[in-house]
Amino acid sequence: MTDRLPHEKGFHVSWDQIHRDSRALAWRLDGHGPDDGGWRAVVAITRGGMAPAMIVARELDIRTVDTISVKSYNNQTQSEPRIIKSPDMEIVGDGTGVLIVDDLVDTGRTLEVVRAVMPKAHVATVYAKPKGRPQVDTFITEVSQDTWIFFPWDMALQYVEPYRGA
């Protein structure tokens with residue numbers, strides 16, 4: 001191997017792909033809500049979970065959508081996660097019937113903080129890495145821990161060197 005940084009083993013996700021994978025997540029969740037017939041609300045983990053949560057809410061016809069904002073990254077460096085914006089707790093309560101959606105689970109530390117606030121919620125992510133996988137109830141694609149996922153909202157088109165060099 002070369003002396004590449006971990007984030008240089010990149011998995012690039014296009015808008016089309018995040019849309020398809022988020023729809024697949026919704027289809028996987030369909031019929032798996034509470035016994036009363038469906039999910040009461042979607043809570044997106046901002047910012048990355050907002051696009052997938054909107055797609056999931058649309059596909060499953062969930063009209064109550066809120067956010068929880070957890071800051072756990074400073075650029076590409078992970079730090080101690082902390083909630084900087086909570087959802088309406090009168091609506092979400094302990095999380096019963098609530099679907100929490102994020103784009104990715106990495107180490108699982110963000111989801112630990114979110115689960116502490118809504119312990120009975122169902123957590124769904126589009127992508128999952130092995131360390132964070134135990135924190136997720138439903139996901140679509142697992143990637144290796146050393147893969148850095150580049151989402152379309154973080155990208156601009158430019159030339160990239162081949163993984164194994166030129």
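Please read all numbers here as calculations on a predicted model, not as lab measurements.
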If you group Ile, Leu, Val, Met, Phe, Trp and Tyr by side-chain heavy-atom gaps below 4.5 Å, do Trp27 and Val56 land in one group? no
Just do the side chain to side chain contact (heavy atoms under 4.5 Å, CB included) check on Val98 and His122 with the steps written out, would you? CA-CA 6 Å; Val98 174; His122 186 98; over 6 Å; no
For Val143, is there any backbone N or O sitting under 3.5 Å from a side-chain donor or acceptor partner on Thr147? no
Nearest-0.5 Å distance, CD of residue Glu80 to NZ of residue Lys71: 13.5 Å
Under 3.5 Å side-chain donor-acceptor pair for Thr138 and His32: no
All heavy atoms of Val70 vs all of Pro81, minimum pair found to be CG1-CB, 3.8 Å
Following the transitive rule for hydrophobic clusters with a side-chain heavy-atom cut-off under 4.5 Å over Ile, Leu, Val, Met, Phe, Trp and Tyr, establish whether Val136 and Met50 coincide in one cluster. no
Rounded to the nearest 0.5 Å, how far does CG of Leu25 lie from CG of Asp30? 11.5 Å
Between the NZ atom in Lys120 and the OG1 atom in Thr96, the distance rounded to the nearest 0.5 Å is 5.0 Å
Yes or no on side chain to side chain contact (heavy atoms under 4.5 Å, CB included) for Val126 and Leu104, after CA distance, side-chain angles and deciding distance? CA-CA 6 Å; Val126 182; Leu104 165 72; over 6 Å; no
Got a donor-acceptor contact below 3.5 angstrom from the Arg28 side chain to the Phe139 backbone? yes
CZ of Arg109 to CG of Leu111: how many Å apart, nearest 0.5 Å? 12.0 Å
State which residues pass side chain to side chain contact (heavy atoms under 4.5 Å, CB included) with Met155; sequence neighbours excluded, sorted by chain then number. His12, Phe150
Write down the atom of Thr125, the atom of Ala128, and the distance for their closest heavy-atom approach. OG1-CB, 4.3 Å
State whether a side-chain donor-acceptor pair under 3.5 Å links Ser14 with Asp16. no
Hey, are the side chains of Met54 and Ser22 touching, using non-hydrogen atoms and a 4.5 Å cut-off? no
Between Ile18 and Pro152, is there a side-chain heavy-atom distance shorter than 4.5 Å? yes
With side chain to side chain contact (heavy atoms under 4.5 Å, CB included) as the criterion, how do Val101 and Ile45 come out once you've worked through the C-alpha distance, each side chain's angles and the decisive distance to 0.1 Å? CA-CA 6 Å; Val101 178; Ile45 298 178; over 6 Å; no
Shortest non-hydrogen pair, Ala57 vs Val42, comes out as CB-CG2, 4.2 Å
Verify the neighbour count for atom NZ of Lys85: are there more than 12 heavy atoms of other residues, nucleotides or ligands below 6.0 Å? yes
Where do Ser144 and Lys9 come nearest, in terms of heavy atoms and distance? OG-NZ, 3.5 Å
To the nearest 0.5 Å, how far apart are CG in Asp103 and OH in Tyr127? 9.0 Å
Does any part of the side chain of Val43, heavy atoms only, come nearer than 4.5 Å to the side chain of Leu99, both counted from C-beta? no
Non-hydrogen atoms of Ser86 and Ile68 that approach each other most closely: CA-CG1, 4.4 Å
Between Asp21 and Arg23, is there a side-chain N and carboxylate O pair less than 4.0 Å apart? no
For Trp39 and Leu29, what are the C-alpha separation, side-chain angles and deciding distance, and is it a side chain to side chain contact (heavy atoms under 4.5 Å, CB included)? CA-CA 9 Å; Trp39 303 101; Leu29 293 163; 4.3 Å; yes
Work out which heavy atom in Trp153 is nearest to a heavy atom in Pro52; give both atom names and the distance. CH2-CD, 4.4 Å
Asp102 side chain to Gly49 main-chain N or O, any donor-acceptor pair under 3.5 Å? yes
Indicate if Ile55 and Val65 have the same hydrophobic cluster label, given that clusters are the connected sets of ILVMFWY residues with side-chain heavy-atom separations under 4.5 angstrom. no
One should read off an interatomic distance between Arg20 CZ and Trp15 CH2, to the nearest 0.5 angstrom, of 14.0 Å
Scan for salt bridge (charged side-chain N to carboxylate O under 4.0 Å, His left out) pairs involving residues 127-143, sequence neighbours excluded, and state none if there are none. Asp106-Lys129, Arg115-Asp137
